[in-house]
Amino acid sequence: QTAVSLAAAGETRFEILCRAARHFEKGHPERAAELVFRVASLAARGALEHYDDETAVRLSTQAIDSATRGGLVVHASVYRVVAEAHLRLGAVDRSITAFERALATTSQREERAELLGRIAWAHQVDAEPEKAWTSLSAAFRALGHKLPAEDLASAASTTSTCHRETCRRQ
């Protein structure tokens, strides 16, 4: 009951969110799927910010499972947390899968481009340069630009230009 009260009160402190998520994990999370999803998602983000990647994966998985049980929509940000945590842990394939799930949940071009850029980075980390270039090219297309063909320095310059243009529009 205490975990439900804390979560319902809009608690945002990382340690409290983790305790509430752990409580829900041991209890009957199906009874309050939306609440468990919200608490576990926030706690997972906090774990990632604290570089506790294993906990971020566990809590993100808890959030996704709860959303699935409750018929809720899982936002790209939740998949992104698990993707970033997997990438830090060296589980590149799992990271790419989670980034792709995040990509499938958003239609916002800036967010799509950012996720495609992270997928490109993961492929590069995994020593798959062709896949990295394909994903990077898709990121540029998402922003309405073409990937420069000259070299990586040119791509970095164009990325910077695209970023400045996006920032001006916001």
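- D65 CG to S60 OG: the interatomic distance, rounded to the nearest 0.5 Å, is 10.5 Å.
- By the criterion of side-chain heavy atoms lying less than 4.5 angstrom apart, applied directly or through intervening Ile, Leu, Val, Met, Phe, Trp or Tyr residues, L48 is not grouped with V57; the two fall into different hydrophobic clusters.
- Of the possible polar contacts, none joining the H145 side chain to the R141 backbone as a donor-acceptor pair under 3.5 Å is found.
- Cluster membership for V81 and L72, using ILVMFWY side-chain heavy atoms within less than 4.5 angstrom, is not shared.
- Without hydrogens or angle criteria, T134 side chain to E130 main chain gives a donor-acceptor distance under 3.5 Å.
- Listed for the R109 side chain is a donor-acceptor partner under 3.5 Å among the backbone atoms of L143.
- Of all heavy-atom pairs spanning S41 and A63, the tightest one is OG-CB, 3.4 Å.
- The closest donor-acceptor contact from the side chain of R69 to the backbone of A33 lies at 3.5 Å or more, if one exists at all.
- Atom CZ of R94 sits in a sparse spot, with 12 or fewer heavy atoms from other residues, nucleotides or ligands closer than 6.0 Å.
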Let me have the donor-acceptor pairs involving side chains of residues 118-128, under 3.5 Å, with sequence neighbours excluded, atom names and distances please.
unit_1 : atom_1 : unit_2 : atom_2 : d
R118   : NE     : E84    : OE2    : 3.0
R118   : NH2    : E84    : OE1    : 2.7
E128   : OE1    : K131   : NZ     : 3.1

Side chain to side chain contact (heavy atoms under 4.5 Å, CB included) assessment of Y79 paired with L103: CA-CA 9 Å; Y79 288 118; L103 190 61; over 6 Å; no
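- Nearest heavy atom pair, residue V74 against residue T105, reads O-CG2, 3.7 Å.
- What you find for V73 and F37 is that their closest heavy atoms are O-CZ, 3.9 Å.
- Note that CD of E54 is 11.5 Å distant from CG of L59, once rounded to the nearest 0.5 Å.
- Under a 3.5 Å cut-off, the side chain of S66 and the backbone N or O of Q62 do not form any donor-acceptor pair.
- In terms of modelled atom types and a separation under 3.5 Å, the side chain of R101 and the main chain of A76 share no donor-acceptor contact.
- By the criterion of side-chain heavy atoms lying less than 4.5 angstrom apart, applied directly or through intervening Ile, Leu, Val, Met, Phe, Trp or Tyr residues, V92 is not grouped with W133; the two fall into different hydrophobic clusters.
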Test log, rule salt bridge (Lys or Arg N to Asp or Glu O under 4.0 Å), inputs E114 and R80: CA-CA 11 Å; E114 194 172 321; R80 176 137 190 202; 2.6 Å; yes
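- The minimum heavy-atom distance linking Q108 with T106 is given by the pair N-OG1, 3.2 Å.
- In terms of heavy-atom proximity, A139 sits nearest to G117 at CB-N, 3.9 Å.
- Note that the NE2 atom of H86 and the CG atom of D93 stand 10.5 Å from one another [nearest 0.5 Å].
- Scanning all heavy atoms of the two residues, the minimum distance from T55 to D52 falls at OG1-OD2, 2.8 Å.
- Transitive grouping of hydrophobic side chains (ILVMFWY, heavy atoms separated by less than 4.5 Å) keeps L115 and L136 in distinct clusters.
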